[in-house]
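Okay, so here's the structure we're looking at.
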Amino acid sequence: MMLIQAVLVLLFVASTFAQKDVVIDCKANSVTVKWRPGLSWVQKVDPSKARLGSCPPSSLNEDVLLFLVWLNDCGFRRRMSEEKVTYTNVLTYGPDPELPPEPVECIYDISGKRTNLEMMADDHVFSMKLMNSDFSGPALSSMFTLGSRISIKSEVEEQGLQPLQIYLQSCVLATAPDLTHASQLHTIIANAGCLIESKDGNSTFLPRQKPSEIRFYFQAFKFALGETIFLHCNMEAWDHQSIGVDKKACYYMKEQRRWELLDDSYRSYICTCCDSACIKRTSFESGSSTKMVLGPFTIVEADQNNASDTYWTAEEGLIGVPVWVVVVTVPLVLLLLAGAIATGYYLCFWRGGRLGYRPSRDLLTKY
């Protein structure tokens, strides 16, 4: 009888440790989930098998999986009523049918108030500018030689206390201000924020100085040489903590042969769709968006740019000096220098090396 009781106690303890343990901490825009999968005491937790929606765990500590994710990421579903907003997702652990999906839910009471994204004004002011190579000021010329850097800065004006983060969804070079009338097109950014030119050419995003600003450059290449061209961009502004497969800025790192997320390198897995198709999720969230056209500007051959009446920038050593002035001045200086050398040679050597030299009268009368 004592043996049976001991066995029952052991079974009770084992079943207690095997029970699923989920702790959910819902924050304003994110959620922290601690999960101990309901495995048997002989099984070890394998983090590679665990997922919260589409996201892997952030860490593993003593068989407890930790997930730190944004609510607009990992495939969370959002339901909204007049009084509350509900985010739902599921925890899964491999294909094992003995471990059914574990629900994760965050509920927010919005009765009598509006959500952050609904408080965003619809009249945000967007801007896009051509900058010099170090982004210290506007570009001094709209003409770029092959191989030079074309720098772009896009910005959204923040209104109120709600910080905004800007994203470039797509950018296309075209030979006309209207895409329908353009004879040539070239994609720079596509797939909801993938800088395609960083893989096919020479381009990258620069680290943000503030969330409401995004900067990138691309190297001038042979596209509609000598013609006026325009950059057409679709841009969006969202809550500054809003990052996802459809709200991202990704660039390709050629040495590492992988895509990198500008705002959080640890979440670069969001950029893996850049080589295929980034599917935009259906969402009730609403940000601000606009379409802008930058231009005209021109890409030319190097000698073609030198022949034109443009100005050199401070980076090239001269400020505000027209090229034609240099072209005229340099030969004139060389000509004067050659004349001075010839005169000196005549006075010093041809005439005997002294200014007061007179030819011999005998020699003159002899001939």
Side-chain angles (χ1 to χ4, degrees), residues 125-158 166 168 170-179 182 184-189 195-198 200-235 249 251 262 290-333:
V125 179
F126 291 83
S127 64
M128 186 164 56
K129 300 176 183 177
L130 283 169
M131 306 295 290
N132 58 19
S133 62
D134 62 359
F135 288 88
S136 61
L140 297 181
S141 174
S142 61
M143 186 174 292
F144 301 90
T145 57
L146 282 176
S148 64
R149 180 179 292 186
I150 301 178
S151 304
I152 312 293
K153 182 178 76 171
S154 299
E155 194 170 7
V156 59
E157 181 180 334
E158 295 181 344
I166 188 172
L168 296 174
S170 65
C171 286
V172 177
L173 277 178
T175 52
D178 186 346
L179 286 177
Q184 297 184 58
L185 299 173
H186 181 85
T187 300
I188 302 294
I189 298 176
L195 187 55
I196 305 300
E197 188 64 18
S198 64
D200 299 336
N202 185 2
S203 178
T204 190
F205 283 114
L206 275 69
R208 292 185 192 262
Q209 294 184 333
K210 53 184 178 179
S212 60
E213 176 186 290
I214 190 167
R215 303 174 299 161
F216 76 99
Y217 72 82
F218 62 92
Q219 189 176 43
F221 57 95
K222 290 185 177 181
F223 176 79
L225 292 179
E227 301 181 34
T228 55
I229 57 178
F230 302 83
L231 183 67
H232 298 251
C233 290
N234 292 326
M235 55 187 72
Y251 60 97
L262 172 64
T290 190
K291 296 181 180 180
M292 298 201 73
V293 180
L294 180 64
F297 55 97
T298 310
I299 300 175
V300 297
E301 299 277 2
D303 55 351
Q304 186 178 348
N305 192 36
N306 289 338
S308 63
D309 187 13
T310 57
Y311 289 85
W312 290 350
T313 65
E315 298 166 341
E316 295 167 328
L318 296 174
I319 303 176
V321 180
V323 176
W324 67 266
V325 173
V326 179
V327 172
V328 173
T329 303
V330 171
L332 183 60
V333 172

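Numbering starts at 1 and runs along the sequence shown.
Scanning all heavy atoms of the two residues, the minimum distance from Pro296 to Ser142 falls at O-CB, 3.9 Å. Here the closest non-hydrogen pair linking Arg208 and Ala249 is NH2-CB, 4.5 Å. Closest non-hydrogen pair, Arg215 versus Pro207, comes out as NH2-O, 2.9 Å. Minimum interatomic distance between Ser133 and Arg149 (heavy atoms only, all atoms of both residues): O-NH1, 3.6 Å. Minimum interatomic distance between Ala302 and Thr145 (heavy atoms only, all atoms of both residues): CA-CG2, 4.1 Å. Residues Phe135 and Phe216 share a closest heavy-atom pair of CZ-O, 3.6 Å.
Atom CG of Leu173 is separated from atom CD1 of Ile189 by 10.5 Å, given to the nearest 0.5 angstrom. Rounded to the nearest 0.5 Å, atoms CE (Met292) and CZ (Phe126) are 9.0 Å apart. Here CD1 of Ile152 is found 8.0 Å from SG of Cys171. Values are rounded to the nearest 0.5 Å. Atoms CG and CG, from Leu262 and Leu206 in turn, are 8.5 Å apart once rounded to the nearest 0.5 Å. Distance check: Thr187 OG1 to Ile196 CD1 gives 7.5 Å after rounding to the nearest 0.5 Å. Lys153 contributes atom NZ, which lies 12.0 Å from atom CG of Leu130 (distance to the nearest 0.5 angstrom).
With contacts defined as side-chain heavy-atom distances shorter than 4.5 Å, the pair Ile188/Leu195 qualifies. Looking only at side-chain heavy atoms (C-beta outward), Ile166 and Ser212 stay at 4.5 Å or farther from each other. Thr175 places a side-chain heavy atom less than 4.5 Å from the side chain of Phe223. Residues Leu294 and Lys129 have side chains not in contact (no heavy-atom distance under 4.5 Å, counting atoms from C-beta outward). The shortest side-chain heavy-atom distance between Gln184 and Glu227 falls under the 4.5 Å cut-off. With a 4.5 Å cut-off on side-chain heavy atoms, Val125 and Ser127 do not count as touching.
Salt bridge annotation for Glu155-Lys210: present, with a cationic side-chain nitrogen under 4.0 angstrom from a carboxylate oxygen.
Phe144 and Phe297 have perpendicular rings, their planes meeting at more than 60° on a 0 to 90° scale where under 30° would count as parallel.
Between the side chain of Ser203 and the backbone N or O of Tyr217, at least one donor-acceptor pair lies under 3.5 Å. Looking only at distances, no side-chain donor or acceptor of His232 sits under 3.5 Å from a matching main-chain atom of Lys291.
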